[in-house]
Amino acid sequence: MSFQLRVYVPEHPLIKHWLAVARDANTPNALFKTAMTELGRWLTYEACRNWLVTMDTQVETPLASCSATMVNPQVPVAVVPILRAGLALLDGAQTLLPLSSVYHLGLERNEQTLEASCYLNKLPEQIDPETRVLVLEPMLATGGSIMFALEALTRRGVDPEQLRIVSVVAAPPALKKLGDNYPQLKLYTAFVDEQLNDNGYIVPGLGDAGDRAFGT
Ligand code: URA
């Protein structure tokens with residue numbers, strides 16, 4: 001079977017609204033953080049479709065017995081925020097996935113080479129291939145950080161078919177790397193911008209997402 005990276009840009013008024021707020025350079029830091037939380041929430045909602053495993057069950061309403069469907073708690077779910085900026089999406093994602101494990105991954109970009117290096121890795125040694133893994137990385141620019149993260153996850157046993165990425169703005173260089181290396185992946189993003197500047201920032205993008213979320 002052949003695969004092709006699937007990039008979902010949900011047509012949703014709330015996603016468009018909060019993206020506009022996040023893009024606006026005049027948005028104060030606190031409101032920027034709110035926009036990222038909301039984008040994390042709505043993009044995670046979209047990513048859960050056909051991904052979370054459900055089970056049929058029976059519940060008693062106050063009036064009668066009725067068949068129902070619930071999320072199967074036996075299938076593990078993990079959220080991997082890529083620090084720093086991915087933390088800004090975490091609150092929104094966690095409200096929808098309250099039982100998930102959160103594995104922090106701190107990656108730093110060398111501003112000269114644009115290569116990613118790891119300063120914090122809270123991933124377990126092994127991850128059950130059944131685990132549904134949601135990676136939070138708001139800015140998919142050169143693709144250095146996301147490729148580092150996916151390599152670390154798959155090396156620990158994660159099945160790329162069970163991976164979903166939530167980003168806010170994605171750009172072609174990152175999409176090409178993802179498509180070439182992980183064609184089974186599904187990516188949920190609020191927008192795809194066309195270019196990067198010479199410093200590896202997405203244009204128009206939204207600037208430095210970590211600085212804006214954390215007021216630095
Ligand atoms: N990281 C950011 O925060 N912004 C970009 O545009 C690219 C990488």
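As the structure lists them, so they are numbered: ligands from 1, and atoms in each ligand from 1.
- A salt bridge links K176 and D180; the closest N-O separation between the charged side-chain nitrogens and carboxylate oxygens is under 4.0 Å.
- Near G200, with a cut-off below 4.0 Å to any heavy atom, the atoms of ligand 1 are 7 (C).
- Residue A209 has at least one heavy-atom neighbour below 4.0 Å for each of these atoms of ligand 1: 2 (C), 3 (O).
- Among all non-hydrogen protein atoms, the one lying nearest atom 4 (N) of ligand 1 is G207 O, 2.8 Å.
- When hydrogens are left out, the protein atom nearest atom 5 (C) of ligand 1 is Y201 CD2, 3.4 Å; that is the closest non-hydrogen contact.
- Interatomic distance, CG of L196 versus CG of L140, reported as 10.5 Å (0.5 Å rounding).
- In terms of protein heavy-atom proximity, atom 1 (N) of ligand 1 is nearest to M139 CB, 3.7 Å.
- Short contacts between ligand 1 and I202, defined as distances under 4.0 Å to a heavy atom of the residue, involve ligand atoms 5 (C), 6 (O).
- Using a cutoff of 4.0 Å between basic side-chain nitrogens and carboxylate oxygens, E11 and K16 are scored as salt-bridged.
- Near D208, with a cut-off below 4.0 Å to any heavy atom, the atoms of ligand 1 are 3 (O).
- The atoms of ligand 1 that sit less than 4.0 Å from any heavy atom of A141 are 7 (C).
- Cation-pi geometry between R23 and F191 is met: under 6.0 angstrom from the ring centre, within 45 degrees of the axis.
- At a 3.5 angstrom cut-off on N or O pairs, G210 does not count as close to ligand 1.
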